[in-house]
Amino acid sequence: MSFKKKDNQLYYNPIRRAILNHQLIEAGDKVAIGLSGGKDSTSLLYFLDTISKQERLGFPFEIVPISLDMGFEDVNLQPLIEFCQQLGYPLEVVPTKIAEVVFDVRKESSPCSLCAKLRRGILYNKARELGCNKVALGHHLDDAIETYFMNFLFHGKLNSFEPKSYLSKTEVTLIRPLLYIPEQEIIRFVKREALPVIFNPCPADKKTKREEIKIFVENIAKTYPDVRQKFLLGMEQGTKDNFWPIGK
């Protein structure tokens with residue numbers, strides 16, 4: 001793995017700012033990282049591992065990588081397992097029947113909502129079982145913007161997800177340390193470092209309303225190139241009363 005001069009500016013400083021602004025990670029936390037095999041969660045593990053080992057927050061915290069086996073055929077998690085081993089962590093792989101439930105049993109025409117609910121429930125419970133008090137997900141700045149527009153266009157609400165949410169049912173706290181980083185920067189980093197990305201065989205991949213909103217945001221950015229920076233400014237100045245009133 002390499003380190004370039006701009007990495008602090010593009011990645012580590014924004015992550016540290018998000019963590020400190022919203023108390024995402026505190027001394028002694030045991031943080032589960034939900035690894036989907038995608039670029040976002042894999043880069044999240046890499047960044048938090050570096051921050052932890054270099055003590056960039058000024059206090060210690062633990063990392064526990066967790067991945068769910070969704071039950072799809074022809075999914076090879078070995079590159080992700082080896083990546084975690086290179087960083088010094090065993091990957092906790094949790095077998096599930098989510099794919100069967102969503103596509104074969106329920107035959108969902110819009111499967112994403114049920115799939116996400118099942119995945120998160122299993123992930124949060126496993127994190128708690130392993131003694132973790134926090135769960136980190138790889139949501140980035142573009143995810144926050146897309147969620148904002150989805151809530152506006154489909155539900156008439158002006159808000160996005162919170163950087164930090166306490167989940168009373170499982171007694172863990174959900175955190176999003178990549179919240180200040182644009183997706184394009186993550187794509188560049190993953191390609192540069194050749195981080196493992198696992199093929200997603202989900203039949204609904206790239207065929208969702210979120211994908212439509214992603215294109216919508218990209219089109220806005222062509223006319224207003226600083227839309228992401230303006231949205232980030234809004235998040236930093238926002239409060240639970242005027243930006244994140246709906247929670248997770």
Side-chain angles (χ1 to χ4, degrees), residues 1-27 29 31 33-63 65 80 83-84 86-89 134-149 160-164 173-197 214 217-239 243-244:
M1 303 295 178
S2 61
F3 183 86
K4 297 186 182 297
K5 183 180 291 186
K6 284 190 175 182
D7 283 357
N8 281 333
Q9 175 188 343
L10 295 176
Y11 308 110
Y12 293 104
N13 291 347
I15 293 173
R16 186 174 182 274
R17 192 167 80 246
I19 289 173
L20 297 179
N21 281 358
H22 303 287
Q23 295 80 51
L24 301 185
I25 300 175
E26 298 165 291
D29 279 346
V31 182
I33 299 180
L35 293 178
S36 67
K39 67 185 188 316
D40 305 324
S41 57
T42 301
S43 60
L44 174 62
L45 172 60
Y46 181 91
F47 291 134
L48 288 187
D49 172 69
T50 301
I51 287 171
S52 173
K53 288 175 179 174
Q54 296 182 0
E55 299 182 350
R56 291 184 176 221
L57 297 178
F59 53 77
F61 64 94
E62 293 184 60
I63 291 173
L80 196 59
F83 176 67
C84 290
Q86 289 172 10
L87 297 179
Y89 307 99
K134 290 183 177 173
V135 175
L137 299 181
H139 294 138
H140 44 64
L141 179 57
D142 286 70
D143 287 324
I145 297 173
E146 291 159 16
T147 298
Y148 185 89
F149 280 111
S160 187
F161 48 61
E162 294 185 71
K164 177 181 179 181
T173 298
L174 171 63
I175 61 173
R176 297 175 166 98
L178 298 183
L179 193 57
Y180 289 0
I181 301 180
E183 181 178 27
Q184 193 58 45
E185 296 301 340
I186 294 174
I187 292 173
R188 290 191 185 100
F189 186 84
V190 169
K191 287 183 177 179
R192 190 190 89 192
E193 297 299 325
L195 300 186
V197 176
K214 181 184 290 292
V217 172
E218 289 173 354
N219 288 333
I220 291 176
K222 292 176 183 177
T223 304
Y224 303 99
D226 62 346
V227 64
R228 292 176 176 84
Q229 289 71 28
K230 292 294 176 60
F231 190 88
L232 176 54
L233 180 63
M235 282 200 299
E236 289 196 299
Q237 294 179 344
T239 67
F243 205 90
W244 299 300

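If you read the sequence from its start, that first residue is 1, and numbering goes on from there.
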What is the ring orientation for Y148 with F231, classed by angle as parallel under 30°, tilted 30 to 60°, or perpendicular over 60°? perpendicular
Testing the basics here: between V217 and R228, what is the closest heavy-atom pair and its distance to 0.1 Å? CG1-NH2, 4.4 Å
Would you indicate whether the side-chain heavy atoms of L174 and F161 approach each other to under 4.5 Å? no
Nearest heavy-atom contact between L24 and P177 is CD1-CA, 3.8 Å
Heavy-atom closest pair, residues C84 and L35: SG-CD1, 3.7 Å
Could you give the distance from OH (Y224) to NZ (K230), rounded to the nearest 0.5 Å? 10.5 Å
Between atom OH of Y11 and atom NZ of K6, what is the distance when rounded to the nearest 0.5 Å? 10.5 Å
Atom pair CD1 (I145) and CG (L232), whose distance is rounded to the nearest 0.5 Å: 8.5 Å
Which atom pair, heavy atoms only, marks the closest approach of K53 to Y89? CE-OH, 4.2 Å
Looking only at non-hydrogen atoms, find the nearest pair between D142 and P182 and report the distance. OD1-CA, 3.4 Å
Would you say Y46 and V190 make side-chain contact, with heavy atoms under 4.5 Å? no
Is there a donor-acceptor pair under 3.5 Å between the side chain of K39 and the backbone N or O of I186? no
Test item: R16 side-chain N/O and R56 main-chain N/O as donor-acceptor pair under 3.5 Å: yes
Nearest-0.5 Å distance, CD of residue E193 to NZ of residue K4: 7.5 Å
Does any part of the side chain of I25, heavy atoms only, come nearer than 4.5 Å to the side chain of F59, both counted from C-beta? yes
Between S41 (side chain only) and S36 (backbone N and O only), is there a donor and an acceptor less than 3.5 Å apart? yes
Show your working on side chain to side chain contact (heavy atoms under 4.5 Å, CB included) between D7 and R192 and close with a plain yes or no. CA-CA 12 Å; D7 283 357; R192 190 190 89 192; 2.8 Å; yes
Is any side-chain heavy atom of I181 closer than 4.5 Å to one of L10? no
Within the structure provided, determine whether T42 and V197 are in side-chain contact (heavy-atom separation under 4.5 Å). no
Which residues pass the side chain to side chain donor-acceptor pair (under 3.5 Å) test with D143, not counting sequence neighbours? H140
Under a 4.5 Å cut-off applied to non-hydrogen side-chain atoms, are K191 and I187 in contact? yes
Return the set of residues passing ring-ring contact (aromatic ring centres under 6.0 Å, His included) with Y180 (not counting sequence neighbours), or none when no residue passes. none
So, taking the atom named OG in S43 and the one named CD in E183, what distance separates them when rounded to the nearest 0.5 Å? 10.0 Å
Looking at every non-hydrogen atom in both residues, tell me the closest pair between D40 and G138 and how far apart they are. CB-O, 3.2 Å
Between CD1 of I63 and CD1 of I33, what distance do you get to the nearest 0.5 Å? 4.5 Å
Among L137, L141, L44, whose side chain to side chain contact (heavy atoms under 4.5 Å, CB included) with L178 holds? L44
E55 side chain to S52 main-chain N or O, any donor-acceptor pair under 3.5 Å? no
pair K164-T173: side-chain heavy atoms closer than 4.5 Å: yes
